[in-house]
Amino acid sequence: GNTGYKIQYKYKGAAKVTTKTVKSKKALSYTIKNAKSGKRMMVRICAYKKVGGKTYTGAYSAWKTSAKIK
């Protein structure tokens, strides 16, 4: 099993990527706070596992684009 997830997100067309770490094996959702209304977000995720002080990260998923934020 994994230790948690790393979530990367950005506004569509932007270069700046924000990475958040969710330290839960059973995370089913994550809320991005202060998202700008009328914009589209791009999101991708990967799992990670900590073993004896080392962190192993899986491959990130493909970028997924959201609907416009209300």
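None of the values given here were measured: they were computed from a predicted structure.
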Could you check Val22 against Ile7 for side-chain contact (heavy atoms from CB on, under 4.5 Å), going step by step and ending with a plain yes or no? CA-CA 8 Å; Val22 179; Ile7 301 168; 3.6 Å; yes
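- Residues Tyr48 and Tyr5 come closest through the heavy atom pair CE2-N, 3.4 Å.
- Remark: side-chain polar atoms of Ser61 are paired, donor with acceptor, to backbone N or O of Ile45 under 3.5 angstrom.
- A donor-acceptor pair is defined here as one N or O able to donate and one able to accept, closer than 3.5 Å; no such pair exists between the side chain of Lys64 and the backbone of Arg44.
- Considering every non-hydrogen atom in both Ser37 and Lys70, the closest pair reads OG-C, 3.7 Å.
- Both tests do not hold together for Lys12 against Trp63: distance to the six-membered ring centre under 6.0 Å, angle to the ring axis within 45°.
- Seen from the ring of Tyr60, Lys6 does not count as a face-on cation partner, given the 6.0 Å and 45° thresholds.
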Walk me through whether Lys20 and Tyr9 qualify under side-chain contact (heavy atoms from CB on, under 4.5 Å). CA-CA 9 Å; Lys20 297 292 182 182; Tyr9 60 90; 3.7 Å; yes
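- Considering every non-hydrogen atom in both Cys46 and Ala59, the closest pair reads CB-O, 3.5 Å.
- Shortest non-hydrogen contact noted between Lys49 and Thr3 is CA-OG1, 3.3 Å.
- Side chain of Tyr11 to main chain of Val17: no donor-acceptor pair is present (N/O by atom type, distance under 3.5 Å, no hydrogens or angles).
- The NZ atom of Lys50 sits 10.0 Å away from atom OG1 of Thr57, with the distance rounded to the nearest 0.5 Å.
- Residues Ile69 and Met41 approach most closely at CD1-CG, 3.4 Å, considering heavy atoms.
- Within the 3.5 Å criterion, the main-chain N or O of Arg40 finds no donor-acceptor partner in the side chain of Ser66.
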